[in-house]
Protein chains: 2
Amino acid sequence: MAPRKLSLAGPATLRDVARVAGVHPGTVSRALNPQTRGLVNERTARRVLEAAEELGYRPNPIARGLRTNRSHTIGVLVPDLMNPLFAAVVRGIEDGLREAGYTPLIANTDNDATRERVAYEAMSARQVDGFIAATAVRDHWLLADQVGAGAKVVLVNRRVDSDAIPAVTGNDHEGIRLAVEHLAKLGHRRIAHVAGSQALYTGWSRHRGFLDAMRARRLEVDPGLVVFSDAFNEREGARCCGELLDRRRDFTAIVAGNDLLALGCYDALEERALRCPEGVSVVGYNDMPFVERFRPPLTTVRVPHYELGATAAALMLEQLRSREAPPRQLELAPELVIRGSTAPVADTGDRATTRTAGKGPAGQRRTEGESGTAGETRTARAGKADRNTASLDTLQ
Amino acid sequence: MAPRKLSLAGPATLRDVARVAGVHPGTVSRALNPQTRGLVNERTARRVLEAAEELGYRPNPIARGLRTNRSHTIGVLVPDLMNPLFAAVVRGIEDGLREAGYTPLIANTDNDATRERVAYEAMSARQVDGFIAATAVRDHWLLADQVGAGAKVVLVNRRVDSDAIPAVTGNDHEGIRLAVEHLAKLGHRRIAHVAGSQALYTGWSRHRGFLDAMRARRLEVDPGLVVFSDAFNEREGARCCGELLDRRRDFTAIVAGNDLLALGCYDALEERALRCPEGVSVVGYNDMPFVERFRPPLTTVRVPHYELGATAAALMLEQLRSREAPPRQLELAPELVIRGSTAPVADTGDRATTRTAGKGPAGQRRTEGESGTAGETRTARAGKADRNTASLDTLQ
DNA sequence: AGCGCGACTGCAAACGTGTGCATAATCCGT
DNA sequence: ACGGATTATGCACACGTTTGCAGTCGCGCT
């Protein structure tokens, strides 16, 4: 009759609830789990729920995890949170998982294989229920090793040839097509490409997209006008663009593999006293925060990174719910955002019309030669700007 | 004699190791824990270690946590990861915790009280060993409620009047002093302040710092030249600066509560056809990534956010190791980074010398009137730039 | 020889849940 | 009224570790 233990300290446990409800702990477990509630009499179930409420009972995920081998936790492998792009992806993942009661466990890998491995080991030791890998290295041990062994994996921002692995990416093919199309409409014929590292999926796929888009427009792709960077940063962008300029100067526009490479192009152009967009037009990729405030404001392709993360979370939940959910591979649509770094190709002398880089407060500017889609993308742009400031709204 | 279970599937457990080493699981536990290894014979300890190595044994943190009520996990409450500032703090925290074997569990709160509460509950249910709170709301339930009950809490980017809680912040007082000093040396006398929200610690302390610094320089603080924003974003910055300009135009410089507010000032100035820095000098705060590429490149106060996070992690480890470690409160030194948004006060007409906003590739520029500390900060700046590109180096 | 002591290791009980199995209670049909 | 089916609950073990307690063994000392 005397309770085995008072459990004065610490949060209420199943046994505590059982005691006040006057039933066995096992019954409490069944009553509280919606899955098994049908097994228990409705009246006693209500009694148990009341007791749990009264005691402020919260199930202990640790103990539950020990018993069930599930942690309601998803490991998220990301190269670097300080890259705003991945911050957005992670934010999307977190919000997408939350409603289902899952929590992300985040680790930065710096694209380093051993750090990746260590993080993976640590996470699977913690019994994560699955992995969302935002690391974009094209060839990856995770896929070969672990997926076959039943590990749930969802890729974001990269995909793999086999259809076996769910993945969600931006449609790079379409994005680059928009960029090339835009430049072509402005009269550009000789277009260069500063490509990202071909070891990363995004660099590789955007390069392929460039070739296809040029071909579709019946534009020549001069191999001398394509140069590959080693990393997605400004230094490499400057190096590649400089190399391009040292070879020849007959191109009028550059499609960069991402915004940082485009910024590097700015630097290389300025160093050689060339002006953008009067001398050379530049298009970036990603639409990072604040690129609209650069000099000149950068025309770029917006990738919905937050939504990328959110749908990756959705795909993961799909995999977790049903054993045999088909591994879907999704592509999200990009948008072209036209700003001040692209202009009609110079008519040998008449540069007056394209001189200043915009009058509006944020330097937003619509290129004159554009007719059809420009208005559309411009409004889309405005929406994005609101989202950006809202996200930075929180503090500091 | 027959083993109770083969444990064919799944990772090796303590019992498996015990079986091949020919000892009791308890002994294995003691042998593998460096703390208790002294209790076991050296020879058998070696045998156990070999067996563990052979089987690839990895301790199960879930089971351990259930027994010890410790998870080797630290809850990190942050307003928004998409704010690069907090991304850096979180990165510092993660790196600081890793070497000690701790893992951060990150949640975004959006500075929303209920989301904060939910995240806190979820985390403490998961048995986190402590909390690092980067949320800067000045008055906070966490402190009153939970700390007294023995919860380990470390504050980052904010502090509290009582000395009871360890905290690490940037030295806002000193940072603002550097900014005011810089402007005063350039000849500015009438300096305005676009302050951050006074509900947040950083906004409040920088405002106080502004008052002190002005007084120390024997400069009048005109209440009409101080305006308070509701949030740290560009829209609010533009609103406040506009309000300032509508009131009067006799000030020559603005100290903004952070970089985003400073950007808002850019917008308001441009809207009224005023030029920066020729018409009005602007100083920001934080040195966000890419502010050196804005138009004009922003003079600002660098806060070492990564180090903020790293030392917060160190303080947390201190608290965890010893029961009675004194709760230290640290302040990290800021640096002034001089760029193109500040110039000597105009001598009514002679503006030619301060016309263009810089020649260098990154718009880096040293103000002429500066003599002493400028060179110093400039080199410090360069170091920061390297760190920045390195962090964005990883991908995309 | 007997006693005590230190060094080492086995034993078993937890930690809080989930769940197969057994059992008790109720109901229904003939 | 009784056997079987259905329902509701108790019982006990398992998940993998940690840890207090007790037991074993060897050794030195009187």
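Order of the sequence lines sets the chain letters (A, B, ...), proteins ahead of strands, with each chain counted from 1. Nothing here was measured: the structure is a model prediction, and the numbers come from that model.
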Dump every N/O contact between nucleotides 20-22 of chain C and the protein below 3.5 Å, one line per pair.
from	atom 1	to	atom 2	distance (Å)
C:dG20	O6	A:R30	NH1	3.3

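Remark: C1' of C:dC15 and CZ of A:R58 are 20 Å apart, rounded to the nearest angstrom. Distance, A:Q127 CD to D:dG16 P: 9 Å, rounded to whole Å. For the pair B:E42 CD and C:dC8 P, the computed distance is 10 Å after rounding to whole Å. In this structure, CG of B:N41 is placed 12 Å from C1' of D:dC25, rounded to the nearest angstrom. The nearest whole Å value for the distance from the CG atom in A:L55 to the P atom in C:dG16 is 14 Å. Going from atom NE2 of B:H24 over to atom P of D:dT17 covers 13 Å, rounded to whole Å. Atom CG in B:L14 sits about 13 Å away from atom C1' in D:dT19, given to the nearest Å. In this entry the distance linking CG of B:L66 with C1' of C:dC15 reads 4 Å, nearest Å.
Between B:A63 and B:V23, it is B:V23 whose nearest contact on DNA chain C lies nearer the 5' terminus. Of the two residues near DNA chain C, B:N69 and B:G22, the one whose nearest nucleotide lies more 5' is B:G22.
Taking the side chain as every heavy atom from C-beta outward, B:L155 and B:V153 approach each other to under 4.5 Å. A:I74 places a side-chain heavy atom less than 4.5 Å from the side chain of A:L320.
Counting any heavy atom pair closer than 4.0 Å across all strands shown, A:P25 reaches no nucleic acid atom. Among the protein residues, A:T68 comes within range of the sugar-phosphate backbone only, with heavy atoms under 4.0 Å from sugar or phosphate atoms but none that close to a base. Among the atoms of the strands shown, base atoms are found under 4.0 Å from some heavy atom of B:L39.
Between A:R15 and C:dC15 there is a side-chain N or O to OP1 or OP2 distance below 4.0 Å. Within the 4.0 Å cut-off from OP1 or OP2 of D:dG16, not a single side-chain nitrogen or oxygen of B:T13 is found. Residue A:T27 has a polar side-chain atom (N or O) positioned under 4.0 Å from OP1 or OP2 of D:dG10.
The 12-atom threshold is not exceeded at CZ of B:R70, counting heavy atoms of other residues, nucleotides or ligands nearer than 6.0 Å.
Here B:E50 does not pair with B:R46 in a salt bridge; the nearest charged N to carboxylate O distance is not below 4.0 Å.
A donor-acceptor pair shorter than 3.5 Å cannot be found between the side chains of A:S124 and B:R58.
The side chain of A:V40 approaches D:dT9 more closely than any other nucleotide in the set C:dG16, D:dT9, D:dT19. Nearest nucleotide to the A:S29 side chain, out of D:dT17, C:dT19, C:dG16: C:dT19.
Side-chain N or O atoms of A:N60 include one that pairs as donor or acceptor with a backbone N or O of A:I62 at under 3.5 Å. Listed for the B:R47 side chain is a donor-acceptor partner under 3.5 Å among the backbone atoms of B:A21. Distance alone, capped at 3.5 Å, places no donor-acceptor pair between the B:E116 side chain and the B:N111 backbone.
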I'd like to know whether A:D95 forms a side chain to side chain contact (heavy atoms under 4.5 Å, CB included) with A:Y306, so could you lay out the CA-CA distance, the side-chain angles of the two residues, the decisive distance to 0.1 Å, and finally the verdict. CA-CA 9 Å; A:D95 290 349; A:Y306 179 88; 2.6 Å; yes
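Of the residues in residues 43-54 of chain B, none lies under 4.0 Å from DNA chain D by heavy-atom distance.
The ring pair (Phe, Tyr, Trp, His ring centres under 6.0 Å) pairs that include a residue from residues 36-81 of chain B are B:H72-B:Y102, where partners are two or more places apart or lie in different chains.
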